[in-house]
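Input: a single structure, listed below in structure tokens.
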Amino acid sequence: GAVVSQHPSWVICKSGTSVKIECRSLDFQATTMFWYRQFPKQSLMLMATSNEGSKATYEQGVEKDKFLINHASLTLSTLTVTSAHPEDSSFYICSARDLEGRASDEQYFGPGTRLTVT
Amino acid sequence: GQQLNQSPQSMFIQEGEDVSMNCTSSSIFNTWLWYKQDPGEGPVLLIALYKAGELTSNGRLTAQFGITRKDSFLNISASIPSDVGIYFCAGQLRYGNKLVFGAGTILRVKS
């Protein structure tokens with residue numbers, strides 16, 4: 001199956017700093033990538049939809065100036081958490097949709113990035 | 001907005017027992033998906049359902065797309081310790097649309 005990687009797998013940063021998380025589709029091209037946030041013992045909540053070469057679409061309540069998304073190529077999307085605060089500590093997961101995909105199941109999830117803000 | 005109600009919240013069962021969990025929605029979905037998530041990892045797709053009434057199996061897993069398109073269930077037969085994890089249902093209105101996830105069912109298996 002198709003593989004999606006995320007880097008880093010975990011990161012600890014100080015309050016007020018910015019953190020960048022990468023999401024890569026390793027063996028397929030993805031015009032669309034999705035960024036999710038998951039708090040402990042909760043479900044995945046979609047933050048934004050990232051489209052290659054255009055601006056991301058943010059879900060209601062997600063601050064676009066705080067969570068910067070860049071989808072510069074068909075295999076890479078980045079999420080930057082700016083001026084991070086402890087409440088931003090969470091598990092961030094991306095998924096990528098296969099360019100050639102015609103079915104819903106052709107959306108593949110990354111392994112997640114654990115962000116801890118101290 | 002769209003919401004999925006997933007139940008039960010958690011289950012603690014004996015190895016070898018069958019498991020059933022379900023999701024219901026107040027609105028229609030055209031695709032239902034079931035995922036499993038292990039601790040500290042991303043979700044892995046188990047079964048995808050595309051047609052109302054569809055019943056699909058994947059090994060010991062069986063899932064059905066409800067005829068009203070507002071519900072789905074997942075059954076696991078003869079559970080084993082590696083079935084432990086969190087199971088999520090997800091609905092999608094149309095291909096390309098975002099996925100809406102249920103709250104998850106935590107499965108624990110006693111061997």
Side-chain angles (χ1 to χ4, degrees), chain A residues 1-10 21 23-25 30-51 56-62 90-116, chain B residues 1-10 21 23 25 28-52 54 56 58 61 63 65 69 72 85-108:
Chain A
V3 179
V4 174
S5 71
Q6 282 184 239
H7 178 80
S9 54
W10 61 269
I21 302 169
C23 177
R24 292 182 188 272
S25 55
T31 51
T32 303
M33 292 183 174
F34 302 87
W35 286 97
Y36 295 83
R37 182 167 49 183
Q38 185 179 32
F39 292 108
K41 299 187 179 178
Q42 293 189 25
S43 188
L44 285 78
M45 296 301 295
L46 181 66
M47 299 175 67
T49 302
S50 166
N51 296 298
T57 304
Y58 290 82
E59 294 299 298
Q60 195 172 10
V62 178
S90 188
F91 194 49
Y92 291 86
I93 307 172
C94 71
S95 71
R97 196 168 72 214
D98 192 332
L99 185 65
E100 300 299 322
R102 293 293 179 267
S104 296
D105 59 354
E106 291 177 37
Q107 186 182 136
Y108 305 96
F109 282 84
T113 296
R114 171 76 57 197
L115 170 63
T116 302
Chain B
Q2 295 168 317
Q3 285 187 329
L4 293 185
N5 297 308
Q6 185 172 348
S7 64
Q9 255 186 332
S10 65
M21 59 192 80
C23 271
S25 169
I28 287 171
F29 286 103
N30 288 318
T31 301
W32 282 91
L33 305 160
W34 285 93
Y35 290 88
K36 178 174 184 262
Q37 185 180 29
D38 291 327
E41 297 184 17
V44 173
L45 181 68
L46 299 173
I47 292 181
L49 302 158
Y50 301 108
K51 214 161 75 167
E54 179 182 353
T56 297
N58 178 7
L61 278 60
F65 190 147
R69 293 192 285 160
S72 176
I86 306 176
Y87 292 80
F88 291 101
C89 62
Q92 187 181 47
L93 187 56
R94 281 192 303 274
Y95 174 73
N97 281 173
K98 62 185 181 183
L99 298 179
V100 178
F101 280 85
T105 295
I106 300 171
L107 178 63
R108 297 185 182 91

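Chain letters run A, B, ... following the sequence lines, proteins first, then strands; residues in each count from 1.
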**Prompt:** Measuring heavy-atom distances to chain B, does A:Gln60 have an atom under 4.5 Å in its side chain, in its backbone, in both, or in neither?
**Reply:** neither

**Contact class of B:Phe101 relative to chain A, heavy atoms under 4.5 angstrom** = both

**Prompt:** Taking all non-hydrogen atoms of both residues, which atom of B:Gln37 and which atom of A:Phe91 are closest, and how far apart?
**Reply:**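 For B:Gln37 and A:Phe91, the tightest heavy-atom pair comes out as NE2-CE2, 3.9 Å.
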
**Interatomic spacing from CD in A:Glu59 to NZ in B:Lys98 - rounded to 0.5 Å** = 3.5 Å

**A:Phe34 side, atom CZ; B:Leu99 side, atom CG - distance, nearest 0.5 Å** = 6.5 Å

**Request:** Considering only heavy atoms, give the residues of residues 37-44 of chain A separated from chain B by less than 4.5 Å, sorted numerically, with 'none' for an empty result.
**Result:** A:Gln38, A:Gln42, A:Ser43, A:Leu44

